[in-house]
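Here the structure is laid out as structure tokens; the discussion comes afterwards.
Quick caveat: nothing in here was measured; it's all calculated off a predicted structure. Counting convention: from 1, in listed order, for ligands and their atoms alike.
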Amino acid sequence: MKTLTVIGARPQFIKASPISVALKEAGFEQVLLHTGQHYDINMSQIFFDELAIAPPDINLGIGSGSHAEQTAGMLVGIEQAINYHKPNWVVIYGDTNSTVAAALAAAKLHVSIAHVEAGLRSFNRTMPEEINRVIADSISSILFAPTQDAINNLRNEGIPNERVHLVGDVMYDASLMHGRRADIQSKILDKIGVQPHKFILATVHRAENTDIQHRCQAIFEGLDLISHNMPVVLPMHPRTKATLERYGILDKFQHSLRIIDPVGYLDMIKLEKSAALIATDSGGVQKEAFFHKVPCVTLRDETEWVELVDLGWNKIIPPISAENIADAIRSMLGTVGQNANPYGEGNAANKIAQILAEY
Ligand code: UD1
Ligand code: UDP
């Protein structure tokens, strides 16, 4: 049995890490295709090096561009790869343009698609990710849902039960798989000069926050207010850096916030574990805050990971005003949520490999 795994963006490298190990153990022949959606060393290569992921067999080198440019380029390259390698399964992750391109290319060639992290919904169709998810889920042959809520979403959309499997979250697998190494190897706290539990960790990259200037400004001004009481460490996504430069406000916030380049996964885990609170618009980082039992403020209008809010580990703050954001961070500092395990036992990757092997 042969799989063609399609990845292209930072969180997909992390999700692919436990799955590539599980597929290997289950005896699959694997072909890895990197679309090249992310390409900076610290957005791509660092994850292959740190997480011991095999180098991609194919790198399409698509790079940045409009949605149409990116997706169209990927479609052509992925179609060629499927025709050449003739996989039994195309494995896709999450909700990026790389995900939807692979789903479309495979579906048109009648190749079975396995969608990892299926069923998530924000119910906000202005998000490119929501469009990508809905399309990928509707044409995937088998859907691996991380949570019961994701299962319910798929059921409500009429996706037949036999195509859907509740397996848990592969990001939990990844954090368990690499967490101890982060403790031992990462020197990031010394490097940036912060004390454990005495700083806020922030990440911002969503299009709806970066591309709308008043939202972007509210977030950065809110973090700026907080930085008067506690250092704010912000590994900055290249999209956000480019946007702040365009708005002419990067220099201003570089003085108050500890803005650093994007870090590798081990340093990121160390930062997350050591933060007093995490403020983010990232999907993955919201969950990692919970894995490490750190309170989180989500800088968005909604979240797909609703169980985090229900359990009291996460508070959603629409980025409308700096004061609201600063108040939310202050109110969540030092809080703990309920004990629960909504993301499985850390064996999602093995379950996925087993189900695919039995299909
Ligand atoms: C993409 C995903 C998003 C995911 C995120 C993970 C889509 C539509 N969005 O968003 O769901 O949460 O990845 O990080 O697929 N850039 C660089 N170097 C890089 C990569 C990007 O400079 O290596 C800059 C470019 O200016 C580019 C911009 O970031 O135009 C946005 O990159 P892109 O991959 O289009 O979207 P992300 O915002 O990264
Ligand atoms: N991440 C990382 N370095 C960083 C920022 C994030 O390794 O500087 C990791 C993070 O730990 C998580 C994943 O990247 O595993 C989340 O990716 P991102 O926030 O880019 O995308 P999203 O999850 O929102 O799609």
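- In this pair, F220 and F253 present their aromatic rings tilted. The plane angle is within the 30 to 60° band.
- For K241, the closest heavy-atom approach to ligand 1 does not fall below 4.0 Å.
- In this model, no donor atom of one side chain and acceptor atom of the other lie less than 3.5 Å apart for N350 and Q354.
- The protein non-hydrogen atom at the shortest distance from atom 34 (O) of ligand 1 is Q37 NE2, 3.0 Å.
- Between the side chains of Q37 and N97, not a single donor N or O lies within less than 3.5 Å of an accepting N or O.
- Between T243 and T240, the side chains place no donor N or O within less than 3.5 Å of an acceptor N or O (distance only, hydrogens not considered).
- Considering backbone and side-chain atoms alike, Y39 places an N or O below 3.5 Å from some N or O of ligand 1.
- Side chains of Q45 and D49: a donor-acceptor N/O pair is present below 3.5 angstrom, by distance only.
- Each of the atoms 3 (C), 9 (N), 11 (O) of ligand 1 lies under 4.0 Å from some heavy atom of E129.
- Counting only heavy atoms of the protein, atom 27 (C) of ligand 1 lies nearest to S64 OG, 3.2 Å.
- With sequence neighbours excluded, the residues that form a side-chain contact (heavy atoms from CB on, under 4.5 Å) with A289 are I278, C296.
- Protein heavy atom at the shortest distance from atom 6 (C) of ligand 1 is P11 CD, 3.5 Å.
- At the shortest separation from atom 18 (N) of ligand 1 among protein heavy atoms lies D40 OD2, 3.0 Å.
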Practice item. I would like to know whether E307 and Y343 meet side chain to side chain donor-acceptor pair (under 3.5 Å); could you show each step before the answer? Key: CA-CA 10 Å; E307 49 289 323; Y343 300 114; 2.7 Å; yes
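- Protein heavy atom at the shortest distance from atom 12 (O) of ligand 1 is H205 NE2, 2.8 Å.
- Between atom 22 (O) of ligand 1 and the options S66, P238, S44, A101, the minimum heavy-atom separation is to P238.
- Between the side chains of T203 and T280, at least one donor N or O lies within less than 3.5 Å of an accepting N or O.
- Shortest contact from atom 20 (C) of ligand 1 to any protein heavy atom: H38 CD2, 3.4 Å.
- A centroid separation of 6.0 Å or more is found between the aromatic rings of H115 and H165.
- Salt-bridge check for D211 with R239: passed, with a basic side-chain N closer than 4.0 Å to an acidic carboxylate O.
- Under the side chain to side chain contact (heavy atoms under 4.5 Å, CB included) rule, V31 has a single partner from T5, V6, I58, which is I58.
- Atom 35 (O) of ligand 1 has Q70 NE2, 3.4 Å as its closest protein atom, hydrogens excluded (heavy atom only).
- Close approach of ligand 1 to M43 is summarised as follows: ligand atoms under 4.0 Å from at least one heavy atom of the residue are 23 (O).
- The pair E304-R300 meets the salt-bridge criterion, with a side-chain N (NZ, NE, NH1 or NH2) lying under 4.0 Å from an Asp/Glu carboxylate O.
- For ligand 1, the polar-atom distance check against N132 finds no nitrogen or oxygen pair separated by under 3.5 Å.
- Defined by atom type and a distance below 3.5 Å, a donor-acceptor pair is missing between the side-chain atoms of S282 and H205.
- Listed by atom number, the atoms of ligand 1 under 4.0 Å from N97 heavy atoms are 7 (C), 8 (C), 15 (O).
- Where the criterion is an N or O separation shorter than 3.5 Å, residue side chain and backbone included, S98 fails it with respect to ligand 1.
- At a threshold of 4.0 Å, the pair R121-E302 does not count as salt-bridged, since none of the basic side-chain nitrogens sits closer than that to a carboxylate oxygen.
- Remark: distances from the non-hydrogen atoms of A242 to ligand 1 are all 4.0 Å or more.
- Aromatic rings from Y265 and F47 are positioned such that their centres are separated by 6.0 Å or more.
- With respect to atom 31 (C) of ligand 1, the closest heavy atom belonging to the protein is R239 NH1, 3.4 Å.
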Pairs under 3.5 Å, nitrogen or oxygen of ligand 2 with protein nitrogen or oxygen:
unit_1: ligand 2; atom_1: 3 (N); unit_2: V263; atom_2: O; d: 2.7
unit_1: ligand 2; atom_1: 8 (O); unit_2: R10; atom_2: NH1; d: 3.4
unit_1: ligand 2; atom_1: 8 (O); unit_2: V263; atom_2: N; d: 3.0
unit_1: ligand 2; atom_1: 11 (O); unit_2: E288; atom_2: OE1; d: 2.6
unit_1: ligand 2; atom_1: 11 (O); unit_2: E288; atom_2: OE2; d: 3.4
unit_1: ligand 2; atom_1: 15 (O); unit_2: E288; atom_2: OE1; d: 3.4
unit_1: ligand 2; atom_1: 15 (O); unit_2: E288; atom_2: OE2; d: 2.5
unit_1: ligand 2; atom_1: 19 (O); unit_2: S282; atom_2: OG; d: 2.7
unit_1: ligand 2; atom_1: 20 (O); unit_2: R10; atom_2: NE; d: 3.0
unit_1: ligand 2; atom_1: 20 (O); unit_2: R10; atom_2: NH2; d: 2.9
unit_1: ligand 2; atom_1: 23 (O); unit_2: S282; atom_2: OG; d: 3.4
unit_1: ligand 2; atom_1: 23 (O); unit_2: G284; atom_2: N; d: 2.8
unit_1: ligand 2; atom_1: 24 (O); unit_2: R206; atom_2: NH2; d: 2.7
unit_1: ligand 2; atom_1: 24 (O); unit_2: S282; atom_2: OG; d: 3.3
unit_1: ligand 2; atom_1: 24 (O); unit_2: G283; atom_2: N; d: 2.9

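- Ligand 1 has no nitrogen or oxygen under 3.5 angstrom from a nitrogen or oxygen of H67.
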